[in-house]
Amino acid sequence: MTLRTEVRQLAELGPLPAERSASTEVVGRYEDLIRAISRPVSDEEARALARLFGPDGFFGLAFALVHLIESSPGWPLAGVLADQSNEWLQDLQGRVSRKADSEA
């Protein structure tokens, strides 16, 4: 799998932690890496990013991941949408469904 450096480093950090338990330094590290990722992301990168959602919005950074994932050329990616294990993945599914309904 070929990931850009910033996506790989973000994936190595793992899922976004809960807001209440994250230090300013940790938030800054995630923020710097997320903001360094230019759009569009590849389908492989979108899959990697989709594994990073945590238990909450992590100060708006989860929503930034949503926008990056949606920029992939193959979006919507079936493998990503099949995973409904957290609210952010469920939100991605809902966004796809609403878009399809509005285009019908």
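Side-chain atoms are counted along with the backbone in the values below, which use heavy atoms only and exclude waters and symmetry mates.
Leu89 and Asn86 make their closest contact through N-OD1, 2.9 Å (heavy atoms, listed as atom of the first residue, atom of the second, distance). Listed here is the closest heavy atom pair of Glu19 and Asp56: N-OD2, 2.9 Å. Across Gln84 and Gln90, no two heavy atoms sit closer than the pair O-NE2, 3.0 Å. Annotation for Pro76 and Val96: closest pair CB-CG2, 3.8 Å, computed over non-hydrogen atoms.
Ring-plane geometry between Tyr30 and Phe58 is classed as perpendicular, the angle between the planes exceeding 60 degrees on a 0 to 90 degree scale with a lower cut at 30.
At least one side-chain heavy atom of Pro73 sits less than 4.5 Å from a side-chain heavy atom of Asp43. Taking 4.5 Å as the limit, some side-chain heavy atom of Ser38 sits within range of a side-chain heavy atom of Arg4.
Arg8 and Glu12 are joined by a salt bridge, as a carboxylate oxygen and a charged side-chain nitrogen come within less than 4.0 angstrom of each other.
Between the CH2 atom of Trp88 and the CG atom of Leu52 there is a distance of 13.5 Å, given to the nearest 0.5 Å. If you take CG on Leu77 and CG on Asp83, they are separated by 12.5 Å, rounding to the nearest 0.5 Å.
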Which pairs of donor and acceptor atoms, one on a side chain in residues 64-71, lie under 3.5 Å apart (sequence neighbours left out)?
unit_1	atom_1	unit_2	atom_2	d
Glu70	OE1	Arg95	NH2	2.8
Glu70	OE2	Arg95	NE	2.6
Glu70	OE2	Arg95	NH2	3.4
Ser71	OG	Val41	N	3.1
Ser71	OG	Leu68	O	2.6

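Asp32 pairs by the side chain to side chain contact (heavy atoms under 4.5 Å, CB included) definition with nothing, not counting sequence neighbours. Scored by the side chain to side chain contact (heavy atoms under 4.5 Å, CB included) test, Gln9 finds Thr5, Leu33 as partners (sequence neighbours excluded).
No side-chain donor from either of Ser72 and Arg47 sits under 3.5 Å from a side-chain acceptor of the other.
Of the residues listed (Thr2, Ile37, Ile34), the one engaging Val7 in a side-chain contact (heavy atoms from CB on, under 4.5 Å) is Ile37, and it is the only one.
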